[in-house]
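Sequence lines set the chain letters: A, B, ... in the order given, protein chains first and strands last, and positions in each chain run from 1.
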Amino acid sequence: MDRHMNLILLAGGFAAALAGAFVFEPGMLFLLTEVMVVLILAQMWNLLAGFGGQVSLGQQAFFGLGGYLLFLGANSTQIPLWVWLGVTPLIVGLLAVPLGLVVFHLKNAYFAVGMWVVAEILAAVFMRFDFLGGSAGIVLRPGGASMTMNPERLVFFIAAFGFVAIIVALRLFLKSTTGLALLGMRDSPDAASACGVDVRRMHLMVFVIAAMGCAAGGSLYYITTLYISAADAFQMNWLIVMMFVSIIGGLGTLTGPIIGTLLFIMIREAMTSAGFSGGTYWIVMGALAVVVLLLAPRGLWPLIRDFHFRKTGRVTR
Amino acid sequence: MFCEKGNALLRATGLSKSFNGVPAVASVDLDLDIGESVGVIGPNGAGKSTLLGLLVGSLKADEGRLIMEGRDLTRMAVHRRVSAGIARAAQIPQTFGRLTVAENLRLPAVFGAGLHGAEAERWVEEVLEMCGLAELAGTDAEHLGLLSRKRLELAKAVAARPKVLLLDEVGAGLTEPEIEQIMELVRKLRDGRAVMWVEHIPFALRGVCERLVVMDKGAKILDGPFEEVWADPDLQAIYMGVPDDEVA
């Protein structure tokens, strides 16, 4: 049953991503790619904080690194852009191992702020050095030449199918015994280690996966914009989006961040098209977060699930 | 002394732990053997729970050594000690609220006892049955009552298949009939392992343990056959002269 569900998800995701890539016009594809990127980012922050219990305020570091590595790599070599798209998350994942071993010495709030500092340091470094783009940033010129194709269709397809694949992978993972250990750690890391779980190793694993996912998100997003700057790539707003949609939707669930993302994008698009300028929608998002956290501290999806359970007596996970 | 044998299953020598300069456990020597069940009593603050913490690895000893079957566990992390064969049922049940009772037991069965697949499933079923939790197997742990949570905490320790099973006040907060159920369970668990039970309820220990350790102010004061230690004037003195039946 579950296996069928996963296959259906993969096949359906593939078909929908392919169809979407052909049907929609570029402006819409740009927006939808952003939606997919936010979905991926949210799921990664959710994995790290919601399931792994490691609240990080610095995931924008990996997002920015993902974008920059892709630009620097593709611009300065003849290796195709699409190869870099695949390689970048791997490199960032490798970098996350030593970083994790260092920042794990910080606990809880110190870890959260420590990661924020890491992101700020990276922003400062990329802004300071001209060979990294400096304060002017970098334009995407694969192999030194201007982009000859419009990447939106392919990027949307990769992002959309990638997101579905990530969901299926997470579903499989959470069903495994390693996933069960992570679900246990969500309730109590101490109890998990008392059961023989190597909590530190699990933390490192989740940290690396989340770093890779955020890097992939950064790579995908900045291919569509064709331009990257440190002020944009390492900005805190990326983190705030991940946190908001995860917490509003329901931390520690796979469905919650999807609901949160849809709400976020709908509110933003509705307000922007109604003529509210710039970041006004953040006020609404902030107010919504406060209301949700007051009325349903576990987020919207657990609320819906409990309601459904009371109505039908059936548990939806 | 009662425990001066050649090859103990678990041997602690000179275990010490201070918190901010105040000694909580002071140079405790302890041997545990397979088939033994040892009760530990002592006033509040005597260092009983701290001693268990040192054995299980949630606390790091300032001094002393811990050897199990010839392996030095002194610097070993909690999760590796579980695999090596030491498990504790904690005073406050540390259950996984959002996992089912069966899933709560699968974790120690897989990561503690090192079982896989069908073997792990069978063992979980067995522990569920043994601990009287079979009917609650599919219930999320957060919906359990206190007795069931205490049972689950005990079952989690058992599911790791420890050679040394440490029980920290697993009877605290329960009614007398409930404590008797827990005693019944602990009696079943004695075979093939060493059980060490810290408890404030003397009748529970008396019904299960044949050896008794008395701690006071971080030190091990008495250690020997249960009735002998129980009758010792020093024990009476620690409890300020309160006669046997009133303590019980």
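Rounded to the nearest 0.5 Å, atoms OG (A/Ser193) and CZ (B/Arg80) are 13.5 Å apart. Rounding to the nearest 0.5 Å gives a distance of 10.0 Å between CZ of B/Phe96 and CE of A/Met185. Here the CG-CZ distance, from A/Asp198 to B/Phe111, works out to 9.5 Å after rounding to the nearest 0.5 Å. Between atom CG of residue A/Asp187 and atom CG of residue B/Asp140 there is a gap of 9.5 Å, rounded to the nearest 0.5 Å. Here the CZ-OG distance, from B/Arg98 to A/Ser188, works out to 11.0 Å after rounding to the nearest 0.5 Å.
Within a 6.0 Å radius of CZ in B/Arg65, other residues, nucleotides and ligands contribute 12 heavy atoms or fewer. For B/Glu69, the CD atom counts as densely surrounded, since its 6.0 Å shell holds more than 12 non-hydrogen atoms of other residues, nucleotides or ligands. Heavy-atom neighbours of B/Glu63 CD from other residues, nucleotides or ligands within 6.0 Å: at or below the threshold of 12. Counting non-hydrogen atoms of other residues, nucleotides and ligands closer than 6.0 Å to NZ of B/Lys188 gives a total above 12. When the shell of 6.0 Å around CD1 of B/Ile92 is examined, it contains 12 or fewer heavy atoms from other residues, nucleotides or ligands. Remark: B/Phe19 CZ is packed, more than 12 non-hydrogen atoms of other residues, nucleotides or ligands lying under 6.0 Å away.
At a 4.5 Å heavy-atom cutoff, the contact between A/Arg186 and chain B is made by backbone and side-chain atoms alike. Heavy atoms closer than 4.5 Å to chain A are found in the side chain of B/Val110, but not in its backbone.
Taking the side chain as every heavy atom from C-beta outward, B/His79 and A/Val199 never approach each other to under 4.5 Å. Side-chain contact between B/Glu103 and A/Leu180 is present, with heavy atoms from C-beta onward closer than 4.5 Å.
The most heavy-atom pairs under 4.5 Å with chain A, out of B/Lys156, B/Arg88, B/Arg106, come from B/Arg106.
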